[in-house]
Undergrad: 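Got a structure here, written out as structure tokens. Questions coming.
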4 protein chains.
Amino acid sequence: MTTPVSSQPRHHGNRHGRSEDARLAVLEATDDLLVERGFAGVTIEGIAARASVAKQTIYRWWTSKTDILFDALIQDAAEYFTSPDTGDLGSDLRARLGEVATFLAGTDAGAVCRALAGQAQHDPAVAARFAAEFVAPQRELDVAPFRRAAARGEPVPADLEAAADQLTGPVWFRVLITGQPVDREYTDALVEGLLRGCG
Amino acid sequence: MTTPVSSQPRHHGNRHGRSEDARLAVLEATDDLLVERGFAGVTIEGIAARASVAKQTIYRWWTSKTDILFDALIQDAAEYFTSPDTGDLGSDLRARLGEVATFLAGTDAGAVCRALAGQAQHDPAVAARFAAEFVAPQRELDVAPFRRAAARGEPVPADLEAAADQLTGPVWFRVLITGQPVDREYTDALVEGLLRGCG
Amino acid sequence: MTTPVSSQPRHHGNRHGRSEDARLAVLEATDDLLVERGFAGVTIEGIAARASVAKQTIYRWWTSKTDILFDALIQDAAEYFTSPDTGDLGSDLRARLGEVATFLAGTDAGAVCRALAGQAQHDPAVAARFAAEFVAPQRELDVAPFRRAAARGEPVPADLEAAADQLTGPVWFRVLITGQPVDREYTDALVEGLLRGCG
Amino acid sequence: MTTPVSSQPRHHGNRHGRSEDARLAVLEATDDLLVERGFAGVTIEGIAARASVAKQTIYRWWTSKTDILFDALIQDAAEYFTSPDTGDLGSDLRARLGEVATFLAGTDAGAVCRALAGQAQHDPAVAARFAAEFVAPQRELDVAPFRRAAARGEPVPADLEAAADQLTGPVWFRVLITGQPVDREYTDALVEGLLRGCG
DNA sequence: TTTTAAACGAGACGGTACGTCCTGTCTTGCT
DNA sequence: AGCAAGACAGGACGTACCGTCTCGTTTAAAA
């Protein structure tokens, strides 16, 4: 996570809502702790100490450590995904799937994402929010190349959701469950298999 | 989980080896707590209280609550999966994938499995054990139909691991990530898509 | 405590000097909280909330909650004690001691006084201020009857301070320590004993 | 407070009730903190830290810091007061009152006692316990010399409680309220005044 | 009439301590 | 030897107040 430390004087208390410095310090400290010590090593007390922030300030703006991680994830994900339009379905899908794999397996934000995916297994509320605020928008990005291809008059699978599952599912599966590496060769093969099957 | 409560008087202490009563009471209490209160509601103290067992007894035989869950999972999974040989690749795969989906999404043992999959995201040791003791054997069952088909002289995909990923990955993805239902229609379509693509 | 709530509109801010409304609201809220919830239930935040006053306004004019209680005590004590001159030492002493007993044990201001006496045990600064600003003036009132008697030519004890202690001490002792009731009969007997002993 | 540190190995956990080591460490740490930092400086966390004891252990056996102080006071007071029988009422009273004054004003246990007397002003439950467990037994010691004198056939005041108040009251008053010194001369004069008044 | 500065309400801030829950370790006495 | 019981040191939880700090408004004396 980037560290946009403000060079402004640190204001403690501000009628006009919350301190942006405190917010960023908390997000950064949370990210750092997650990467350094894992999910169990992320504690509200630890975040407060590392961010030089009062616990009460954290509880004022977030409900739990997963709530903080969501903030970090949403923010980081918004910056990460590009989803270029190459004019070719295969290229678009390969680019997209490679980006997903790299994000999940190779970035700090991906670590946050995996932690939340894990916590979603323990807490239905987390699962619901994860599905709604991260997975659903990602699903849109998964499906976009198909829509563009259809608009160009190319043949596309009937059920786009199912098609997206066939691409993304194996990637998530390897990252979360088997721990196998997910390189470009693998994601390209997935795209190839799908297009051959539907073409 | 079944409940083989012994009707024998409960012995506190046993000169020769561990108490099977205590072991079963712990496994059952853990399962119950997981289903009733979720993973966070499973605590060693809670298990001990519900199983009428001393904490020390738990720590003597298990290292952590995930260790207990592994015991429960391995035991339940061994009883669950059947993997019949119908003599037809498509039938075998459909049966297998349906069984996997039902297990993951529709059984108490599946809840244990999901909890461990979740915890695997937080703890590399859990991830490693989950991959080795649950995922790897399951992978063997995933691949078995292909091996039998190959033995019958039928054409099979070159990379069986990848083929298995394409079937199992979307199922896990839906169960763990999107929360979408995984019915027989969906799993059959996955098998169909794979066989069409490779045939 | 009396409640001179102004019927005027409440002014927020004043170029010259403090808001009398805010001052009175704070004193009253403090008194009320002390009587309703006890000393521990008196908090700056609670006073501010009940008085509809900003915490900062309290900190601007008082240093602590005991400081506020001193304000209330000094004000109330000034209104309470009368100390009439009956021309007779016994009558003067009986009136005075009865007044003291009633104040300490039977008034809201007495509750404030007892709270400060209690806090004086925990904080030397409070003890010093309590001795100087409340006890010393009261001691003057205790001693005044003797001085008037001496001026009239009557015999009085050599050590007036000691004599005052022998009257006031048992009253405070019962109120603060034993909790025994201090009625007129008791205070009269104390005066009687003293006068017999010195006469 | 004395420090009977056991030279035995420190046992953490014992089926047969509480750890005497932990109990003594808590009492000593509490005494020390009270003397060093005053009542407000006595916190459960501070006691736990200084005594190298878990907060939970404190909460298991005591309800509050005043509860701990009571333990310390009762124990120390039991060791302190001697109350010799000289065979003479005046001598007995002088000895007793001197002992009381020294205890209250000049010992660490007296500091605990004053703190509890102070807290009694803030909390009726503390007041009740203080009256019952400390003041009442002390009252018995105050009255004992009179009883012995009566048994010897000497004249004694009709109301022993009142007589005791006249001795003890001024001493407590000076210690708690005025802060004046209470030396032997003063206490002897109090006894003299009382005996002259009743004789 | 306009400026302007003190006091105000509101409330976020960094902190400290609270009392609770759970962890993993330990000892004891029973079976 | 294994067990139920439970006390222990420790650490994190979420809450309540502390005292400090803006912020934007209100007000009346000064300009």
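Chain naming here is simple, since letters A, B, ... match the order of the sequence lines and numbering starts at 1 in each. All of these numbers come straight from a predicted model, not from anything done at the bench.
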Undergrad: Taking CG from C:Asp21 and C1' from F:dT26, how many angstroms apart are they, rounded to a whole number?
TA: 14 Å
Undergrad: Within the structure provided, determine whether B:Phe134 and B:Leu116 are in side-chain contact (heavy-atom separation under 4.5 Å).
TA: no
Undergrad: Identify, with sequence neighbours excluded, every residue that meets side chain to side chain contact (heavy atoms under 4.5 Å, CB included) alongside A:Gln119.
TA: A:Phe39, A:Thr66, A:His122, A:Val126, B:His122
Undergrad: Could I get the full list of side chain to side chain contact (heavy atoms under 4.5 Å, CB included) partners for C:Ala127, not counting sequence neighbours?
TA: C:Ala120
Undergrad: May I have the distance from B:Arg23 (atom CZ) to F:dG2 (atom C1'), rounded to whole angstrom?
TA: 16 Å
Undergrad: List the residues meeting side chain to side chain contact (heavy atoms under 4.5 Å, CB included) with A:Ala54, not counting sequence neighbours, and say none if there are none.
TA: A:Thr57
Undergrad: May I ask you to test the D:Val53-D:Ile47 pair for a side-chain heavy-atom distance under 4.5 Å?
TA: no
Undergrad: Got a sec, which pairs hit salt bridge (Lys or Arg N to Asp or Glu O under 4.0 Å) with one end in residues 60-69 of chain D, sequence neighbours left out?
TA: D:Asp67-D:Arg129
Undergrad: Who passes salt bridge (charged side-chain N to carboxylate O under 4.0 Å, His left out) against A:Arg50, sequence neighbours left out?
TA: A:Asp32, A:Glu36
Undergrad: How sharply is the helix from E:dT1-F:dA31 to E:dT31-F:dA1 bent, taking the axes over five pairs at either end and rounding to 10 degrees?
TA: 10°
Undergrad: Which residue pairs pass the ring-ring contact (aromatic ring centres under 6.0 Å, His included) test when at least one of the two sits in residues 51-74 of chain D, sequence neighbours left out?
TA: none
Undergrad: Can you tell which of F:dC8, E:dC8, F:dC3 lies closest to the side chain of C:Ser19?
TA: E:dC8
Undergrad: Starting at atom CZ of D:Arg18, determine the distance to atom P of F:dA9, rounded to an integer number of angstrom.
TA: 12 Å
Undergrad: Where along residues 33-47 of chain A does a heavy atom come under 4.0 Å from DNA chain E, residue by residue in number order?
TA: none
Undergrad: Got a sec? Which of residues 54-64 of chain A come in under 4.0 Å of DNA chain F, heavy atoms?
TA: A:Lys55, A:Gln56, A:Tyr59
Undergrad: Does some side-chain heavy atom of B:Thr30 sit less than 4.5 Å from a side-chain heavy atom of B:Val42?
TA: yes
Undergrad: Tell me: CD1 of D:Ile68 to P of E:dG19, nearest whole Å?
TA: 10 Å
Undergrad: Not counting sequence neighbours, which residues clear side-chain hydrogen bond (donor to acceptor under 3.5 Å, both in side chains) with C:Arg23? List them please.
TA: C:Glu20, C:Gln75
Undergrad: I'd like to check the side-chain hydrogen bond (donor to acceptor under 3.5 Å, both in side chains) partners of B:Gln56; sequence neighbours left out, ordered by chain and number.
TA: none
Undergrad: To the nearest Å, how far apart are B:Asp67 CG and E:dG24 P?
TA: 11 Å
